[in-house]
Every structure is written in structure tokens, then in C-alpha cells.
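Below: one structure, written as C-alpha cells.
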Amino acid sequence: MLSDLNKSTSKTLQSTVSLAKMINAEINFFYVKKPNEIIENDNQLSANRVINKEYTITDKDIQNLINPISKDYGVTINYTYSFGNVKNEIEKFILDKKPNMIVLGKRKSKALNFIGDNITDFVLKTHSGAVLIVDKHNTLEPGKKLSLGILNNMDTPFNMVLMDDLMANTQEPIKSFKIIKNTNTLKESDVPKDKNTIEYVFEHNDNIIKNLSNYLSKNNVNLLCVDRSDNKKNPIKSDVKDVIKNLNVCVLLTGSQ
């Protein structure tokens with residue numbers, strides 16, 4: 001999980017815990033702070049004192065955030081933090097930890113901005129694995145089954161393993177949303193047949209995101225799985241940013257490979 005320690009971080013962490021328990025995953029919490037937010041002058045001795053003090057404060061802030069959640073839900077939450085260029089530090093973290101999934105909080109005030117530097121977009125370009133974007137108003141709750149929606153196909157091997165775990169923790173019926181370029185191209189759904197499923201089919205047009213949002217709300221979906229693979233037949237790939245920005249649900253973007 002990548003965080004900027006804002007007010008909604010606890011909600012994002014709660015959703016992270018919920019999903020981690022479903023798929024039996026380890027949680028690594030990571031925070032980056034820009035040096036120019038800490039150091040106000042060029043005096044080296046003074047700067048070193050300020051940085052050392054900030055390390056202590058940051059460590060305490062993170063522990064105060066994660067310890068109650070870790071205790072309440074009985075999970076271990078590992079954490080690290082660093083001071084430096086946000087994108088560089090995140091890239092180092094991804095290369096070092098090689099996470100299967102990255103969790104981010106969503107901000108609506110600045111489209112796709114995270115930690116102020118368009119980090120959500122950066123992560124989507126840098127990380128080829130799954131990415132969970134958490135909506136602070138429609139979070140996942142540990143111990144409660146998902147109200148799951150699936151957008152288009154989930155056909156890569158990693159996606160199928162992930163989907164098996166999610167299906168086992170999903171209340172029925174599953175809502176399948178299929179976007180097609182025209183009604184003549186409709187094919188049989190890839191949603192597993194052993195689950196009670198309701199399927200909605202939309203023709204791709206300028207109002208597709210608005211229409212999809214309305215149906216998600218009507219069906220109380222709190223997690224939408226979206227295929228972001230490089231499949232040329234995937235009509236939603238070019239609309240992924242609009243999906244993240246405009247849908248009031250947690251969005252799980254599958255691997256891009």
C-alpha cells in the first residue's frame with residue numbers, strides 16, 4: 001500500500017486489510033515525504049537535526065495509524081518510509097518488493113493526483129501487476145463479503161487466480177458489466193458458471209461511464225474488477241482513467257500484461 005498519510009488513509013488501509021485477508025496476502029505500507037516539505041533552510045547541521053526529528057515523528061505517526069487496525073483485525077502490517085523524490089522512491093520500492101498488487105487512495109479534487117504528483121498515473125505506467133484504487137466513501141470492510149462487479153474479461157492466469165479468491169468471498173449475485181463496440185459483437189460471458197450472475201451489456205458511447213456508474217450504484221457494488229490488459233479488443237482500456245475518476249467504488253485494475 002502506498003500512502004501520503006492524509007485523512008482517508010485509515011479507510012484505504014482498512015480496504016487493504018479486507019482484500020489481503022481474502023487473498024491471504026502480506027501487507028507492506030509505504031510512505032514518502034518530499035525533502036522540501038521538511039527542510040526550510042540551507043544550513044546542513046540544522047537540516048540534519050530537522051530530518052532526524054522528522055524520522056521520529058513520521059515513525060510515530062505511522063505506528064499510531066496502523067497499530068489499532070492491525071490489532072482490531074489480527075493482521076501484521078509491515079511498514080517503511082523514506083524522504084526523497086516521490087516517484088523515484090516509489091519506483092525503488094516496487095523494484096525491491098516486487099508486489100503483486102499496489103493499493104492507492106483516490107482523490108477527486110485533482111484528477112488522478114496522489115501525493116500531489118500524479119502518482120496514480122505513474123504507478124499504472126510503472127507497475128504491470130494489479131492495482132487497487134480505494135474510494136473513501138465506498139470502502140471494503142474486513143470480515144464482510146464483497147458486492148462484486150466484473151467489467152469485461154478476466155482471462156490472464158494471474159487474474160484467474162486472483163478472481164478465484166475474490167469469488168470465494170463474494171455475495172451473490174455477481175454483477176457482470178460488458179462493454180461492446182456494437183451489439184453484433186456480443187459473445188458469451190467469461191464469468192464462472194457456478195456463481196449466480198446478473199449480466200448487463202452496454203454499447204460503447206460517450207455516456208458509457210455515466211451509465212456504468214448508475215448501474216453500479218443501483219446494485220450496491222463496492223468492488224469493480226477492470227481488465228487493463230493490452231488486449232486490442234478491450235474497449236475500456238482507453239477509458240481506464242475515467243473509470244477511476246468517475247466511479248464511486250473501489251476499482252481493482254488487473255495486470256496490464
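The basis for the numbers below is simple: all heavy atoms, side chains too, and nothing from hydrogens, waters or symmetry mates.
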Roughly how far apart are [X] [atom1] and [Y] [atom2], rounded to 0.5 Å?
X	Y	atom1	atom2	answer
L13	S18	CG	OG	11.5 Å
I209	L216	CD1	CG	9.5 Å
I94	I102	CD1	CD1	3.5 Å
N100	L162	CG	CG	9.5 Å
C225	L166	SG	CG	5.5 Å
M22	L223	CE	CG	8.0 Å

Would you confirm whether [X], through its side chain, and [Y], through its main-chain N or O, come within 3.5 Å as a donor-acceptor pair?
X	Y	answer
N169	D165	yes
T58	E54	yes
T139	K11	no
K98	L95	yes
S176	E199	no
D135	H137	yes
K106	I244	yes
N138	V221	yes
K245	V243	no

We want to know whether [X] and [Y] form a side-chain donor-acceptor pair, criterion being a heavy-atom distance below 3.5 angstrom.
X	Y	result
D59	Y79	yes
E91	T126	no
D61	Q63	no

Heavy atoms only: give me the nearest [X]-[Y] pair and the separation to one decimal.
X	Y	value
E89	S82	OE1-OG, 3.1 Å
M101	I23	CE-CD1, 4.2 Å
N220	S147	O-OG, 2.9 Å
Y31	I62	CB-CD1, 4.2 Å

Given side chain to side chain contact (heavy atoms under 4.5 Å, CB included), test S213 with N246 step by step and report yes or no.
CA-CA 8 Å; S213 179; N246 295 303; over 6 Å; no
Applying ring pair (Phe, Tyr, Trp, His ring centres under 6.0 Å), which residue pairs with at least one partner in residues 1-26 are found, sequence neighbours left out?
none
Any carboxylate oxygen within less than 4.0 angstrom of a Lys/Arg side-chain nitrogen, looking at K92 and D96?
no
Please tell me if the side chains of [X] and [Y] come closer than 4.5 Å, counting only heavy atoms from C-beta onward.
X	Y	value
I179	I208	yes
N219	K175	yes
L252	L224	no
T76	I27	no
L212	Y200	no
N28	E26	yes
L148	Q171	no
I174	N196	no

Test ring-ring contact (aromatic ring centres under 6.0 Å, His included) applied to F29 - qualifying residues, sequence neighbours left out:
none
Is the centre of the Y215 ring less than 6.0 Å from the centre of the F202 ring?
yes
When you look at F83 and V32, which way does the side chain to side chain contact (heavy atoms under 4.5 Å, CB included) test go after all the steps?
CA-CA 6 Å; F83 299 154; V32 184; over 6 Å; no
Joint hydrophobic cluster, I57 plus I66, side-chain heavy atoms closer than 4.5 Å
no
For V103 and V134: C-alpha separation, side-chain torsions, deciding distance, then whether side chain to side chain contact (heavy atoms under 4.5 Å, CB included) applies.
CA-CA 7 Å; V103 182; V134 176; 3.7 Å; yes
Looking at K136, I'd like to know if its NZ atom is crowded, meaning that more than 12 non-hydrogen atoms belonging to other residues, nucleotides or ligands lie closer than 6.0 Å.
no
Neighbour count above 12 (heavy atom, 6.0 Å) for N205 CG
yes
Please name all residues satisfying side chain to side chain donor-acceptor pair (under 3.5 Å) with Y73, sequence neighbours left out, ordered by chain then number.
Q14
Going through the checks in order, is the side-chain hydrogen bond (donor to acceptor under 3.5 Å, both in side chains) test met by S217 and N214?
CA-CA 5 Å; S217 179; N214 290 336; over 6 Å; no
Could you check V75 against K21 for side chain to side chain contact (heavy atoms under 4.5 Å, CB included), going step by step and ending with a plain yes or no?
CA-CA 8 Å; V75 295; K21 290 173 75 71; 3.9 Å; yes
